[in-house]
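Position 1 is the first residue of the sequence, and the numbers go up from there.
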Amino acid sequence: MAVLAESSVIEIERLLAGCGALPAHQEIRTAESGLVMVRGRIGGDGAPFNLGEATVSRSAVRLDTGEVGFGYVLGRDHAKARLIACCDALMQRAEHRDAVERIVLAPISRRLRATQQVKREQAAATKVEFYTLVRGED
């Protein structure tokens, strides 16, 4: 789900179309937006505190075969939440799991890894080495 959350609606739609037509499904929770409280900790282990609120969209779909998929995404992108819910439901079906993994998730994962590698290389190029010289004071 994290891979799908990092992608765009257009990318998910394009790749999901490669899996063929979506099986019959119904929305059991139409896409909606709301707020969640984001909590933080200083240093990762300090006392928790309320950092602020974030907008989240969610959706839930049920395939006619009974599988229920859920989609949550930061922001107000209802279409993206719906598509993520569809992918979640499809991943629960053995006959769709491999196709979704290979056609949808794998290309997005490769693109995300490549983007992260470029960012790491750009950050490494700006790395500064500091050397300390020992003074000869006795």
Side-chain angles (χ1 to χ4, degrees):
M1 294 299 106
V3 169
L4 293 172
E6 292 290 325
S7 61
S8 69
V9 174
I10 295 168
E11 185 176 26
I12 298 171
E13 284 176 338
R14 180 178 52 81
L15 294 171
L16 199 53
C19 293
L22 284 176
H25 64 282
Q26 60 190 14
E27 286 188 272
I28 55 176
R29 180 181 302 274
T30 58
E32 59 188 355
S33 296
L35 296 173
V36 295
M37 180 59 68
V38 178
R39 296 183 53 101
R41 292 177 182 262
I42 300 296
D45 60 358
F49 64 93
N50 292 336
L51 182 64
E53 294 176 329
T55 306
V56 176
S57 295
R58 68 180 180 180
S59 180
V61 299
R62 179 182 295 126
L63 300 181
D64 283 354
T65 53
E67 293 79 14
V68 177
F70 299 93
Y72 287 84
V73 64
L74 281 173
R76 298 177 187 205
D77 198 338
H78 293 181
K80 187 174 179 180
R82 193 175 308 106
L83 285 171
I84 290 174
C86 287
C87 287
D88 184 39
L90 289 172
M91 289 293 290
Q92 297 173 43
R93 300 275 307 161
E95 62 266 20
H96 296 294
R97 186 177 305 121
D98 290 336
V100 172
E101 184 79 36
R102 184 175 32 84
I103 297 171
V104 180
L105 299 179
I108 295 172
S109 292
R110 281 193 300 272
R111 181 186 58 76
L112 291 174
R113 279 193 304 273
T115 301
Q116 290 170 348
Q117 181 62 31
V118 167
K119 287 181 181 179
R120 278 194 295 272
E121 290 170 1
Q122 289 173 340
T126 63
K127 184 177 178 182
V128 176
E129 298 284 342
F130 292 97
Y131 295 101
T132 304
L133 300 176
V134 178
R135 292 185 175 168
E137 299 174 3
D138 287 329

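Both Ile84 and Val104 belong to a single network of hydrophobic side chains, linked directly or stepwise wherever heavy atoms of I, L, V, M, F, W or Y lie under 4.5 Å apart. Transitive grouping of hydrophobic side chains (ILVMFWY, heavy atoms separated by less than 4.5 Å) keeps Leu74 and Leu112 in distinct clusters. Put simply, Leu15 and Met1 are part of the same group of oily side chains (I, L, V, M, F, W, Y) that touch within less than 4.5 Å, one to the next. Residues Leu16 and Leu105 are members of one and the same hydrophobic cluster, defined by side-chain heavy-atom contacts under 4.5 angstrom among Ile, Leu, Val, Met, Phe, Trp and Tyr. Val3 is connected to Val9 through a chain of hydrophobic side-chain contacts under 4.5 Å among Ile, Leu, Val, Met, Phe, Trp and Tyr, so both are in one cluster.
Minimum heavy-atom separation, His78 to Glu32: NE2-C, 3.7 Å. Here the closest non-hydrogen pair linking Asp88 and Phe70 is OD2-N, 2.8 Å. Closest approach of Ser57 and Ser33 over heavy atoms only: OG-OG, 2.9 Å. Of all non-hydrogen atoms in Gln92 and Val68, the two that sit nearest each other are NE2-O, 2.7 Å.
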Problem set entry | Pair Gln116-Arg113, side-chain hydrogen bond (donor to acceptor under 3.5 Å, both in side chains): steps then yes or no | CA-CA 5 Å; Gln116 290 170 348; Arg113 279 193 304 273; over 6 Å; no

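Residues Met91 and Glu101 have side chains in contact (heavy-atom distance under 4.5 Å, counting atoms from C-beta outward). Looking at Glu27 and Ser59, their side chains come closer than 4.5 Å, going by heavy atoms from C-beta outward. Residues Arg93 and Pro23 form no side-chain contact, since every pair of their non-hydrogen atoms from C-beta on lies 4.5 Å or further apart. Leu90 has its side chain within reach of Leu22: a pair of non-hydrogen atoms, C-beta onward, lies under 4.5 Å apart.
Within the model, atoms CD of Gln117 and CD of Gln122 stand 10.5 Å from one another, a figure rounded to the nearest 0.5 Å. Distance check: Leu4 CG to Leu83 CG gives 9.0 Å after rounding to the nearest 0.5 Å. Note: Cys19 SG to Asp98 CG = 10.5 Å, rounded to the nearest 0.5 Å.
Although no hydrogens or angles enter the test, the distance criterion places a donor-acceptor pair under 3.5 Å between the side chain of Lys80 and the main chain of Ser7. Checking side-chain atoms of Arg58 against main-chain N and O of Gly71 turns up no donor-acceptor pair under 3.5 Å.
The local environment of CZ in Arg76 is sparse, with at most 12 non-hydrogen atoms from other residues, nucleotides or ligands closer than 6.0 Å. Applying the 6.0 Å contact sphere to CG of Leu35 captures more than 12 heavy atoms from other residues, nucleotides or ligands.
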